[in-house]
Amino acid sequence: MANNTSQHILTTSANLLGFCLFVITSLHIANKIETHVIDELTSIIAVLLTCSCIFSFISIRTKSVERENKFETIADYFFISGLVGILVIILLITMNYIK
């Protein structure tokens, strides 16, 4: 393996995916109508982080260096998209509490 980034992406994405699923479950238990937008965004972020996990896993398992780099780059893009989405959710929750 030329780069060990995929291993870090896999573990971090899996942890953040668990966090997203916790948030979705908490919102459903609380049965809050105003959190519908946050619920939808969290679901989208969960899909992005799942894709990041899948591509980083494929990157680790592949034998070709070219494919490894390609899948790792794809995993990076999904991961950063998920992080930006989590930032948006945090800002939405914060703004809701400020009001």
Side-chain angles (χ1 to χ4, degrees):
M1 265 206 297
N3 198 344
N4 290 330
T5 306
S6 289
Q7 295 172 352
H8 298 293
I9 292 171
L10 180 60
T11 57
T12 307
S13 291
N15 287 330
L16 289 173
L17 179 60
F19 169 73
C20 286
L21 296 176
F22 175 76
V23 168
I24 292 170
T25 304
S26 298
L27 292 176
H28 283 281
I29 289 173
N31 206 12
K32 301 258 184 183
I33 299 300
E34 64 270 6
T35 58
H36 181 66
V37 174
I38 295 173
D39 186 29
E40 295 294 324
L41 285 175
T42 306
S43 299
I44 292 168
I45 292 167
V47 170
L48 291 173
L49 292 171
T50 301
C51 291
S52 178
C53 286
I54 290 169
F55 281 107
S56 62
F57 179 78
I58 293 170
S59 173
I60 292 169
R61 299 294 296 173
T62 189
K63 303 288 187 216
S64 169
V65 175
E66 181 181 311
R67 284 190 207 146
E68 175 186 347
N69 291 331
K70 182 175 86 172
F71 289 133
E72 187 173 286
T73 301
I74 294 169
D76 278 336
Y77 286 126
F78 277 117
F79 183 70
I80 194 66
S81 299
L83 285 180
V84 169
I86 290 172
L87 174 66
V88 169
I89 289 174
I90 291 169
L91 291 174
L92 287 173
I93 291 171
T94 304
M95 295 302 161
N96 193 20
Y97 283 126
I98 291 174
K99 290 181 184 179

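In this structure, L16 and L83 have side chains that are in contact, with non-hydrogen atoms separated by less than 4.5 Å. I74 has its side chain out of reach of I58: every pair of non-hydrogen atoms, C-beta onward, lies at least 4.5 Å apart. Inter-residue side-chain proximity for L49 and F79 is flagged as met; some heavy-atom pair is nearer than 4.5 Å.
When every heavy atom of S59 is checked against every heavy atom of E72, the shortest pair comes out as OG-CB, 3.6 Å. Pairing each heavy atom of T62 with each of R67, the nearest pair is OG1-CB, 3.8 Å. Taking each heavy atom of G82 and I45 in turn, the nearest pair found is O-CG2, 3.7 Å.
I60 contributes atom CD1, which lies 8.5 Å from atom CD1 of I9 (distance to the nearest 0.5 angstrom).
By the rule that hydrophobic residues join a cluster once side-chain heavy atoms approach within less than 4.5 Å of another member, V88 and V47 end up as members of separate clusters. One hydrophobic cluster, built from ILVMFWY side chains closer than 4.5 Å, holds both I90 and L41. I54 and F57 fall into different hydrophobic clusters, where Ile, Leu, Val, Met, Phe, Trp and Tyr residues are linked whenever their side-chain heavy atoms come under 4.5 Å apart, directly or through other members. Grouping the Ile, Leu, Val, Met, Phe, Trp and Tyr side chains by contacts below 4.5 angstrom, directly or via other members, places V84 apart from L48. Each of F78 and L17 belongs to its own hydrophobic cluster when Ile, Leu, Val, Met, Phe, Trp and Tyr are linked at side-chain heavy-atom distances under 4.5 angstrom.
Listed by first and then second residue, the side chain to side chain donor-acceptor pair (under 3.5 Å) pairs that reach into residues 75-93 come to none, sequence neighbours excluded.
Partners of S52 by side chain to side chain donor-acceptor pair (under 3.5 Å), not counting sequence neighbours, listed by chain and number: S13.
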